Amino acid sequence: MLQISYIRENKDEVIKRLAIKNFAAAETLINQVIQLDVERRNAQKDADGVKAEANQLARQIGDLMKSGKKEEAETIKGQTAELKQKEKQFDDVLKSKEEEIQHILLQVPNLPDTTVPAGKTPEDNEVVFEYGNKPALPENALPHWELAAKYDLIDFELGVKLTGAGFPVYKGKGAKLQRALINYFLDRAEKEGYNEVQPPILVNEDSAYGTGQLPDKEGQMYHVGVDNLYMIPTAEVPITNIYRDVILKESELPVKNCGYTPCFRREAGSYGKDVRGLNRLHQFDKIEIVQIAHPEKSYATLEGMRQYVAALLTELELPFRTLKLCGGDMSFASALTYDMEVFSGAQKRWLEVSSVSNFETFQTNRLKCRFKDTNGKTQLAHSLNGSALALPRIVAALLENNQTPEGIKIPKVLLPYTRFGIIN
RNA sequence: GGAGAAAUGGCAGAGCGGUCUAAUGCGGCAGUCUUGAAAACUGUUGUGGGUAACACCACCGGGGGUUCGAAUCCCUCUUUCUCCGCCA
């Protein structure tokens, strides 16, 4: 959520930058919210004034009662009825203004960083880095879902029986490969200075609001109605919400946490070849990295996170590219996002395996995650996160790219974790 | 799930209808003293709104109520603790 104080002082810039995100309603909403803000402050002044008066009368009554002047106290009591009524009126106005402002602010996306390219669709994303050669596979190379069946690694039909489409069952070496990747990613993150946490995978409403899943993306989460809890679509939600209503010391920044969780997404409306095999699932595993950073250092932090994810992909010997997302393809909350895509040799397409973003103060404003700077002033921290990494598409690429007539070869870095070098 | 107790500032803990602008202790910060440190002493130390700056307003787990006035009384929710039941 943008800060109203920032909008107030930088109105034109805000509107201009929202245009990069193709946010059509920007000008209307911003003007509305500025007007409401004026009205809100007036209402507050009115309400405060009445309250101050009432407080004073109450104090007077107290003094009179103590000194035994009961009749005088009663007289003053008579004056309070009108004040009370006015107080309620002003409070109601104040409350409604606040709600209206909140309602609008929740609809306004984050401002894109000044370096974000304009654009509407994924075609407008900027390729900023590319690494590795696409594998030279024979024409009859198999897509991962066929390899998974051939070597009995992943059983999609069984998942349908147990739960439904998009909930695969990993078996044998397929299951072990999952476990190996999880452990590898966690060990690697720890080496990178991240503190491992194991958060709940169900969160309450407050947490879902905190990171911005609510009120907007309600339909994308599984909701446990009886207890009003949401299954997390990403570990970002619980791990970032650790810092909800927290004031950190400047010396504690940056906070670096990582965690492995299953992730749950309803993916309503998805269909076709995009969802084949592991390409898009309702439940999948992911290791997430989250940082709370000093505002002046958050872009350096973002670059560091992007480098880290690139290193993981390099170590896994997967060809990948890094995209800087254009305004139209960025998420609502992000100020700058890099997507990392691996090349899946048999499908012959790029698969997104990580998305690394700086949210600046957009999340922390909602979360009220702040730090005390050296001058003793409290200010909002910046939040960042990234996948490091999401498993299914990594598995898809590993299976497809490393297939040989003898079997599927496991990359060297994973050998200590899988303790097998080939799937055959 | 049942019965009882509790929730106060960074922490501990008092306050149980008016002066709470929340005692006291610990911790933090600044200063005095010291070559430096410790100790001692002095001051300071929550968040948000509002203002040019003051004033002022709100917040004692969340929400609602009683009252001229609520940390204090009532209702409700949540959480924690103790006991019982169940259980990986």
Side-chain angles (χ1 to χ4, degrees), chain A residues 1-9 33-105 198-210 214 224-230 238 241-253 255 262 292 361 363-381:
Chain A
M1 198 164 65
L2 296 179
Q3 294 169 82
I4 185 70
S5 54
Y6 189 86
I7 295 177
R8 202 190 291 155
E9 282 152 34
V33 89
I34 285 175
Q35 178 58 30
L36 283 166
D37 181 50
V38 172
E39 290 167 17
R40 192 209 93 228
R41 276 181 292 165
N42 286 334
Q44 169 126 38
K45 271 183 231 167
D46 292 340
D48 282 1
V50 177
K51 280 179 197 172
E53 219 176 309
N55 284 345
Q56 206 166 346
L57 286 182
R59 238 169 281 148
Q60 270 181 41
I61 292 170
D63 289 342
L64 290 169
M65 296 291 266
K66 231 183 320 173
S67 51
K69 299 173 183 161
K70 265 202 145 164
E71 322 76 57
E72 282 184 53
E74 288 303 323
T75 323
I76 299 180
K77 270 196 204 178
Q79 300 173 27
T80 58
E82 193 197 345
L83 279 179
K84 279 193 79 172
Q85 204 195 343
K86 272 205 255 175
E87 187 180 324
K88 187 168 168 7
Q89 262 174 29
F90 288 138
D91 269 344
D92 286 348
V93 174
L94 181 60
K95 211 169 150 192
S96 81
K97 295 299 171 195
E98 276 169 352
E99 276 166 9
E100 281 181 72
I101 289 170
Q102 183 79 359
H103 178 73
I104 292 180
L105 287 181
Q198 218 177 82
I201 57 178
L202 274 81
V203 294
N204 60 27
E205 256 185 327
D206 285 348
S207 293
Y209 271 100
L214 291 178
V224 182
V226 265
D227 293 305
N228 197 23
L229 296 173
Y230 293 88
N241 270 281
I242 293 172
Y243 300 94
R244 171 152 50 85
D245 293 319
V246 167
I247 301 178
L248 296 154
K249 296 193 197 103
E250 185 164 355
S251 60
E252 290 176 297
L253 300 176
V255 173
I292 309 292
T361 60
Q363 287 183 331
T364 54
N365 186 32
R366 275 200 210 186
L367 292 163
K368 302 220 177 356
C369 168
R370 294 158 292 177
F371 71 99
K372 200 163 267 205
D373 66 23
T374 39
N375 301 321
K377 263 201 73 174
T378 313
Q379 52 172 307
L380 293 172

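A, B, ... follow the sequence lines: proteins, then strands. Residue 1 opens every chain. Just so it is clear, the structure is predicted and the values come from calculations on it, not from any experiment.
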Filtered N/O pairs between nucleotides 44-51 of chain B and protein, under 3.5 Å:
unit_1	atom_1	unit_2	atom_2	d
U47(B)	OP1	Lys372(A)	NZ	3.2
U47(B)	OP1	Thr378(A)	OG1	3.3
U47(B)	O3'	Arg370(A)	NH1	3.0
G48(B)	OP1	Arg370(A)	NH1	3.1
G49(B)	O3'	Arg40(A)	NH2	2.8
G49(B)	O2'	Gln44(A)	OE1	2.2
G49(B)	O2'	Gln44(A)	NE2	3.3
G49(B)	N2	Asp48(A)	OD2	3.0
G50(B)	OP1	Arg40(A)	NH2	2.8

- Query: Does a side-chain N or O from Asn55(A) land closer than 4.0 Å to OP1 or OP2 of C56(B), or not?
  - Reply: no

- Task: Report, as a single string ordered 5' to 3', how protein heavy atoms within less than 4.0 Å touch nucleotides 75-80 of chain B: B base, S sugar-phosphate only, - not at all.
- Result: ------

- Item | Under 3.5 Å on both distances, the Watson-Crick or G-U partner of U34(B) | none

- Message: Closer than 4.0 angstrom, basic N to acidic O: yes or no for Asp92(A) and Lys88(A)?
- Response: yes

- Item | Modelled atom types, side-chain donor and acceptor of Glu39(A) and Gln35(A), under 3.5 Å | yes

- Would you mind pulling out the nucleotide paired to G4(B), Watson-Crick or G-U wobble, both distances under 3.5 Å? C81(B)

- Message: Looking at Phe90(A), is its backbone amide N or carbonyl O close enough to the side chain of Asp46(A) to form a donor-acceptor pair, meaning the two atoms are under 3.5 Å apart?
- Response: no

- Note on the structure: 5' to 3', nucleotides 64-72 of chain B under a 4.0 Å protein heavy-atom cut-off (B base, S sugar-phosphate only, - none) gives ----BS---

- Roughly how many Å is it from CG in Asp91(A) to P in C57(B), rounded to a whole number? 13 Å

- Give a yes or no on whether the backbone of Leu380(A) and the side-chain of Thr364(A) come within a donor-acceptor separation of less than 3.5 Å. no

- For the pair made of CD in Gln56(A) and P in U19(B), what is the distance, rounded to whole Å? 14 Å

- Message: Salt bridge check, Lys95(A) against Asp91(A): does any charged N sit closer than 4.0 Å to a carboxylate O?
- Response: no

